[in-house]
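Keep in mind the model is a prediction, meaning the values are calculated, not measured. Order of the sequence lines sets the chain letters (A, B, ...), proteins ahead of strands, with each chain counted from 1.
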There are 2 protein chains.
Amino acid sequence: MRSYNQYCSMARALDLVGDRWTLLIVRELLTQGPCRFSDLRRGLPGIASNLLAERLREMESAGLIIRREEPPPVAATLIGLTGRGQDLGSVVRELTRWGAPLMTAPSADDEFRVHWFSLPLRHLCRDGSPDEPAVVVRLGDLYDGCDVIADHGRVDVRPCSTERQPDATVTAPPQVLVALFTGLMPLRTARTKGLVVDGSAAAFDRILPKGEQNHD
Amino acid sequence: MRSYNQYCSMARALDLVGDRWTLLIVRELLTQGPCRFSDLRRGLPGIASNLLAERLREMESAGLIIRREEPPPVAATLIGLTGRGQDLGSVVRELTRWGAPLMTAPSADDEFRVHWFSLPLRHLCRDGSPDEPAVVVRLGDLYDGCDVIADHGRVDVRPCSTERQPDATVTAPPQVLVALFTGLMPLRTARTKGLVVDGSAAAFDRILPKGEQNHD
DNA sequence: CTGGATCCGGGAAGATACTG
DNA sequence: CAGTATCTTCCCGGATCCAG
């Protein structure tokens, strides 16, 4: 992006991250952890490969990301955020919060990835049974999803892990998923609209926002 | 800007405010209050007039700003933020905070406006004499500046007011101003580099960050 | 397969002139 | 003062191709 040529903190920030796609790349790396080039492409439907390559070059020279050659069996270069890049988390969070009221019904050509929802999810889930042993609830699947871990009253949302099998696996249409966790749709309505819980219903119930459990 | 077509809170936010110049227009309206078209142009050096007009149309239809016809003696249309527009304050604040480390020396063709600095200034000033009567310190001048009000331990930064004469008026080269308030430059060095205080030196001293007063 | 590079068309941004 | 009109430039998007 052309510089604004303004001696202003925000203008200089936008000189680095105001380009199209840049903050969405940060979103991907924040929610997914270090990624390979093709992982980023999958999480950024619509981006042209040359544009992604160009953005990554710019972000690397700005000190936002680093590339790490991974030895076999991975044998690929992983792209991860630097500390400075992770500091953009607060910017991403505020944009996400401001955009929340815009999450009306998806249009026909809107794409959706479950892991996009994992940042807001952090603040929407709770641990309804803090005295029980920890549980893992998977939203989506291994290829696009995230794990919600409830443990001792704390809730954590992470990229899917293969280390521990989830206690419950949940799938739902995008809008149902969003409406359920933002409290706009009761669980039993969600069930009628395509929400499916595989495994422990109690585990899923445990992480649902207050007032939305025990509705069926 | 083209839509990202992603059912994601942040992507939808960027569909509305990710365009070039849009967030800088919000910065102007946040720091200056309701403005006329030409005021915005002065605060956004480098923007083309057609582009500003187009952005304002987009922002109006997105519900971020409103236009208000002002009766004489003003006799102009004022552009102000709606509540939704003001909610972007948190986004602007986080971008400004993230960009703070980028405020190294201005380059030769960097523009500067004192009022751009008024947002960070809020968190940098203090009231060093909370028991004294309120004082007003003006940075810059009526045409580009802001008033720092210290009163009962509280600090407020506002657009220049004609209602009350400032107790002190301060001018300094951009980098000196920034370095002084961020604590990187002691007051006496600032004096040798072009900082001028007109009026009550005590009033100015009162608002300087802790550790930076009493240096001369 | 991964991680790009290259080419091209369309549209957004920039510069400038002009107007009610 | 508050824009519009016009022209140019360049970034973005889409497709294709390619080396390891």
To the nearest angstrom, the CD-P distance between A:E54 and C:dG4 comes to 13 Å
Between CZ of A:R55 and C1' of D:dG13 the distance, given in whole Å, is 12 Å
| message | Does a side-chain N or O of B:R57 approach OP1 or OP2 of D:dT4 to a distance below 4.0 Å, or not? | response | yes
A:L44 CG to D:dG13 P, in whole Å, measures 12 Å
From CG of B:L51 across to P of D:dT9 the rounded distance in Å is 18 Å
Using a distance-only criterion (donor-acceptor N/O pair, under 3.5 Å, no hydrogens), is the base of C:dG4 paired with the side chain of A:N50? no
Less than 6.0 angstrom from the centroid, inside 45 degrees of the normal: does A:R84 satisfy that with respect to the ring of B:W98? yes
Rounded to whole Å, CD of B:E70 lies from C1' of D:dA2 at a distance of 16 Å
B:D39 CG to D:dC1 P, in whole Å, measures 8 Å
Under 4.0 Å: is that the gap between some side-chain N or O of B:R20 and OP1 or OP2 of C:dG14? yes
Which of D:dC12, C:dG3, D:dC1 is nearest the side chain of B:A76? It is D:dC1
Next item on the list: Test for a donor-acceptor pair under 3.5 Å between the base of D:dT4 and the side chain of B:S49, counting only N and O atoms.
Entry: yes
Walking DNA chain C from its 5' end, the first of B:R41 and A:R36 to be reached, judged by nearest nucleotide, is A:R36
Among C:dT2, C:dA15, D:dC12, the one nearest any side-chain atom of A:R2 is C:dA15
Here the distance between atom C1' of C:dG14 and atom CD1 of B:I47, to the nearest Å, is 10 Å
Rounded to whole Å, the CD1-P distance (A:I79 to C:dT2) equals 13 Å
